[in-house]
Protein chains: 2
Amino acid sequence: MLKISKKADYALMALQHIASVQFGDVTPGRVVNTKEIAEEYNIPPELLAKVLQVLSKNGMIESHNGPKGGYLLARSARQITIAQILESIEGPLGITDCSHEKEGEFCMQREHCNIRTPLLKVQDSIYQLLSNMTLEDMLGGTPLITIQSPSAQGVER
Amino acid sequence: MLKISKKADYALMALQHIASVQFGDVTPGRVVNTKEIAEEYNIPPELLAKVLQVLSKNGMIESHNGPKGGYLLARSARQITIAQILESIEGPLGITDCSHEKEGEFCMQREHCNIRTPLLKVQDSIYQLLSNMTLEDMLGGTPLITIQSPSAQGVER
DNA sequence: TCTTAGTACGACCATATTGATCGGAGATCA
DNA sequence: TGATCTCCGATCAATATGGTCGTACTAAGA
């Protein structure tokens, strides 16, 4: 339950990759193209392209056309929150259908609905959570899993 | 994004209703049947029936067969968490596909995946959130919306 | 004991969402 | 000017979901 879509997954991976290249030690400031990311993470290239397009349209990254083109973060990694990324791809956060009802629309249950208020609270908490986490937190803060050692792999049974 | 299913919605409504009847002032201890809930909240009866069956199978409520039959909470409202209810209906919480990978299964991206660890953290936080909220919190804590006044009803057109 | 109101259960269909694919147009650099 | 790349829209297939139907089983009451 509460699963996020593959597209959102891809978006997070791609952004993390772009950020780590851009601010990494090896080739800082380098432009990253779709193909590179797709191959690195085994993502269908066309789908990834579409995801990146959306991200660029929403101002998360900026695109550079032509050969030697590619993508660059539009802002610093610290200024891009997980909430922003997810909402770029999947639309506004909404635990329940009636989360962003405009006036005039009502769900069939609204009249006697008894769970709307508490659910909105939950939703708000989740939103806080995702807003307080940035791309930067996904870079250095959390060590990547190292499943290189045979022993570690054996444990997972 | 992160929407919960209609079924889960219905489950929450139904349980809230059962709890409020069972522990309310009017007819405490009364058994509630599917039809009553379905009519009260405009839920398709057959679908609600299925939801209630699942809830009963998962030990959230107990069913009483035959005429004058219906459903009763299996435990006190305080002992039933939102997380339990949602998981009963939608299966285990999993922000991402690789949340509960068994041995041998790997997502195509796993090898170089850079977002697994931070995402699992997020997931854990959400789980905490849902586990700390119980059915009881949905009863008294949050005042029900009262739109009984004719003016308010007239708006819905 | 028989009838009837109710739940239990499983198969089924329609539709919406999502993942994935294809093709052409515009931009940039060699 | 040609090759390489992003951009953008249309489209298809697979899956998940919401919703329906029919039948069997159980218990209360006449």
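Residues in residues 87-96 of chain A take part in these side chain to side chain donor-acceptor pair (under 3.5 Å) pairs, two or more places apart or across chains: A:Ser5-A:Glu90. Among residue pairs with one or both ends in residues 50-70 of chain B, none qualify as ring pair (Phe, Tyr, Trp, His ring centres under 6.0 Å); sequence neighbours excluded.
For the side-chain contact (heavy atoms from CB on, under 4.5 Å) test, no residue two or more places apart in sequence or in another chain qualifies with B:Lys57. For B:Gln79, the side chain to side chain donor-acceptor pair (under 3.5 Å) criterion is met by B:Ser76, not counting sequence neighbours. By the salt bridge (Lys or Arg N to Asp or Glu O under 4.0 Å) test, B:Glu36 pairs with B:Arg30, sequence neighbours left out. Scanning for side chain to side chain donor-acceptor pair (under 3.5 Å) contacts around A:Gln123 gives A:Ser99, with sequence neighbours left out. A search for side-chain contact (heavy atoms from CB on, under 4.5 Å) contacts involving A:Ala83 returns A:Thr81, A:Tyr127, A:Leu130, A:Ser131, not counting sequence neighbours.
When rounded to the nearest whole Å, the span between OH of B:Tyr10 and C1' of D:dT20 equals 13 Å. Atom CD1 in A:Ile18 sits roughly 13 Å away from atom C1' in D:dT6 (whole-Å rounding).
Checking D:dT20, C:dG19, D:dG18 against every side-chain atom of B:Pro44, the shortest atom distance belongs to D:dT20. In the set C:dG19, D:dT20, C:dC22, C:dC22 carries the atom at the smallest distance from any side-chain atom of A:Glu46.
The stretch residues 47-57 of chain A comes close to DNA chain D through A:Lys50, A:Gln53, each having a heavy atom under 4.0 Å from the strand. For the segment residues 29-37 of chain B, the set of residues with a heavy atom within less than 4.0 Å of an atom of DNA chain C comprises B:Asn33, B:Thr34, in numerical order.
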Do any N or O atoms of the protein come closer than 3.5 Å to N or O atoms of nucleotides 13-17 of chain C, and which pairs are they?
none

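With side-chain heavy atoms closer than 4.5 Å counting as contact, directly or through intermediates, the hydrophobic cluster containing B:Val31 also holds B:Leu72.
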Under 4.0 Å protein heavy-atom contact, by nucleotide of nucleotides 24-30 of chain D - B base, S sugar-phosphate only: --BBS--
